[in-house]
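So the structure is just underneath, and the comments pick up after that.
Chain naming here is simple, since letters A, B, ... match the order of the sequence lines and numbering starts at 1 in each. Because the structure is predicted, anything quoted here is derived from the model rather than measured. Keep in mind that the numbers below use all heavy atoms, side chains included, and drop hydrogens, waters and symmetry copies.
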Amino acid sequence: MAGLAATYGSGSMTNAISCIEKADVILITGSNTTENHPVISAYVKRAVTRRGARLIVVDPRRTKISEFAQIHLRQNLGTDVAWINGMMHVIIQEGLYDKPYVESRTVGFEELKRMVAKFTPDFVESITGIPGDQLAAAARLYASGKPASILYCMGITQHTTGTDNVKALAALAMLCGNVGVVGGGVNPLRGQNNVQGACDMGGLPDVYSGYQKVADPALRAKMAKAWGVAALPEKPGLKVTEMIPKAESGEIKALYVVGENPLVSDPDLNHAEHCFQHLEFLVVQDIFLTETARNAHVVLPSACFAEKEGTFTNTERRVQRVRKAVAPPGDARDDLSIICDLSTRLGYPMRYEGAEAVFAEMASVTPSYAGLSYARIEKEGIPWPCPVPDHPGTPVLHMGSFSHGKGIFFAIDYIPPAETVDDDYPLYLTTGRVLYHYHTGTMTMKSEGLMDRAPECFVEIHPSDAKNLGVAEGTRVTVTSRRGSIEAVARVSPRVRPGMIFIPFHYAQAAANRLTNARLDPISGIPEFKVCAVKLAKAA
Amino acid sequence: MGEDGQNVIIINGNPYAFEPGETILEVARRHDIDIPTLCHLKGAPPTGACRVCVVEVEGAASLMASCATPAGSGMAVHTETPKVVAARRQVLDLMLASGNHNCTIRQPDEADWTAQQLKVMQEDQAEELCPVWGDCRLQELAFRYQVTAKRYDPAKTLYPQELANPFIVRDFSRCIRCGRCIQACNEVQVNNAINFGFRGAALKIVAAGDRPLRNSDCVFCGECVQACPVGALVEKDTRYRVRPWETTRTRTTCSYCGVGCQLDLHVADGRVVRVTGAEDVAPNYGSLCVKGRFGYDFIHSPERLTTPLVRDGNHLREATWDEALDRVATGFKAIRERDGADAIGVLCSARITNEENYLLNKLARAALGTNNIDHCARL
């Protein structure tokens, strides 16, 4: 998100999901779309099979969606900036870019041009392993798309260079005049139901709701007045990936964790567990006794989505209703009333008639949500920004101009991943999800049917590596990184490239995150889940 | 409406404007004129397979399938003439006779009726009527057109039911071969898992060389189940357990990925018993994935937390809300006094609502006095 915000002035999907229906060319990278966003993948598959849209997939794994692609480029892990710069090199070299758009709507083109000059197809091949002619063909195909849409996911962001990757994609889209255009755009597919909403609502250390900066004295004063306090803290807070290590150093003494399971989802889990042990006071509010809740001092039982009123904001910024269908079990309560009760006990009373009253207060202090109300989204959700009550919502951002005026080209050089393979750890590991499970599995693993389809963790390994290591389909293997070790069964498959393995991160019993690297992107604070070095052997 | 009659069609004597390329059915639906359909699936190309939507077009030699016939300027269409009704009755009659349609509307002579019911019960391994009784397009139309299948012998069952997966029961004896499931799979979800196999009377919907779904390309999105107009494709969990008139529906947003599919939770006796996609709204227009449609067991899991817990030494014990919340408030206040508010961190959540996240942001900054709030968007 930081990458898009820097380039365009706003960090979210630029276009509506339905824009996929209008795209001439679609570029998907770092997204196993059919397994992680199945309903969006259907939009893409329909565009290709029924309308003749052309699809480019750039992904090291042979994913299902790549079977629909006209061109599938399989890059080495952690080399995204190189292939994106390579595509821009070809597009500039061959004069395929949108000159009027670049001149009227962007700044920084000359710097970009100088940077990508060295990223010739041959040079890019030496880094990414993508054959130069294929890269050039993909570049020409993307440039020919009128319009062309880019879809990406965690395969782009979960790198130490994640922000760079996104800025490079954002530049590629602007270069071809695809931003602020129906059917185009740069579209991060959000992995969790309300990750967009959690960001929008000020669930970030440096902003209030609607991305209003904590550091801005005027906004601080506005929020203090709205909330009836004399002053609000000035210093931007810590990111989650900073809070947990600071538990070890003692700067963080207490954590209040609501609906999250960091003790499966965090990178370098062994270290994260160690950090949690140092907490003086841990409060967990969840629907299950998760791995994290087991370590808590107080556990507060909450309601799931079917048991409460409210709204979620989806990946295309569409604000949609959540409605209560059943009562929470036992004494469990919805999070809203727990938070109000706790706040009141902390000496800051919160009393609301219900979720709608909270929404109304939020909208009154949040410009991008100001025109929204439960009445307006009763039948169908509306995408923000929606500044006034008669505004129709904004399916496509940046039409006419960018949020901060002109779009900025960032000239980005290629930096290798934080950890590369060597003699001791000769294989690359990447992680991800499978269709039948969701994040840390606290919900999906309660379903017999889903467990029947995807019962246990596995290690996807290329047949050539499997042969060298004496591993066959179903062999139990041990995978070890510098940080930890797990055991799982091998699945021998050409879906991965030689020299790399894939492990889904859902399974607490064989948590892939015992292996992953906690090195962070310096700007977004996102860990490099998608690349680390490991070794693999038959289990003892 | 053009004054020269351009792009105007006459339906049942009334003129209606149409967009070039629109079918007769689409124009009629847009103007609330009811033409029944079975195989027609919105959003997929028409197949004209079932012939239930036939209409009379003046000057045409035969009845036309309204789903597949483009509207034409000056075309005069009649949707419910005796000829149309007779054709629909014949189609429905054949369908009703073709399988285990043991709804009460089917009434051949009494001895046959009993024999048929006993046969179906044995094949269903159940003493219940058809699992979609009361929720079946064929039953509705058979009732509307008073069709009984009296003229035909009951059909033999050619293929056994497929029960070998956790989500979907395939009952070929109730399949009317309308092809809606194939359209749903190949045109809407584009999973290309099923198609027509075999020929003539042996026609069957097959997955990957006539294998069970679990050994095919099927990803259990259930689009086919939602599209099936009869009892040939039924959710395994719901079958026989829930009848539609025993449930209420609540429209809400799926809680899995960020697509935010709109869905209906079907509730009976305070429990969610079935999930279907909302067909009339963005972003999913009825589509769901396996998690959204079938992954709702967690809601009523016995492992759900039902009471607050507090730590006593090495173990967690049950507590009242008062005790638990007081302990939280006291704990936070003590740490804030000793180490300052920035020694406390709040992790809000990509799983909870906007309203709850907004309040957590308010609690962290206004009540606790720290900007240490974040969530796992990055993880």
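Looking at T353(B) and F312(A), their side chains come closer than 4.5 Å, going by heavy atoms from C-beta outward. In this structure the side chain of K291(B) reaches within 4.5 angstrom of the side chain of L435(A), judged on heavy atoms. Taking the side chain as every heavy atom from C-beta outward, P205(A) and D374(B) approach each other to under 4.5 Å.
Contacts of S302(A) with chain B are made by backbone atoms alone, with heavy-atom separations under 4.5 Å and no side-chain atom involved. With a 4.5 Å cut-off on non-hydrogen atoms, L368(B) touches chain A through its side chain but not through its backbone. For Q262(B), the part sitting under 4.5 Å from any heavy atom of chain A is the side chain, from C-beta outward, and nothing else. Only the side chain of V267(B) comes within less than 4.5 Å of a heavy atom of chain A; its backbone N, CA, C and O stay farther away. With a 4.5 Å cut-off on non-hydrogen atoms, D322(B) touches chain A through its backbone and its side chain both. Contacts between Y208(A) and chain B at a heavy-atom distance below 4.5 Å involve backbone atoms as well as side-chain atoms.
In terms of heavy-atom pairs under 4.5 angstrom with chain B, the leader among V229(A), V39(A), I17(A) is V39(A).
One N or O on the side chain of N361(B) and one on the backbone of M201(A) form a donor-acceptor pair closer than 3.5 Å.
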Test salt bridge (charged side-chain N to carboxylate O under 4.0 Å, His left out) applied to R214(B) and D452(A), step by step: CA-CA 10 Å; R214(B) 63 180 305 141; D452(A) 177 81; 3.4 Å; yes
Before giving the answer on salt bridge (charged side-chain N to carboxylate O under 4.0 Å, His left out), spell out for R338(B) and E280(A) the whole-Å C-alpha distance, their side-chain angles and the decisive distance to 0.1 Å. CA-CA 12 Å; R338(B) 194 190 62 207; E280(A) 194 176 313; 2.7 Å; yes
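Under a 4.0 Å N-O distance rule, the pair K308(A)/E356(B) qualifies as a salt bridge.
The shortest non-hydrogen separation linking C257(B) to H37(A) is SG-CD2, 3.9 Å.
In this structure, R333(A) forms a cation-pi arrangement with W321(B), its terminal cationic atom sitting closer than 6.0 Å to the ring centre and no more than 45° off the ring axis.
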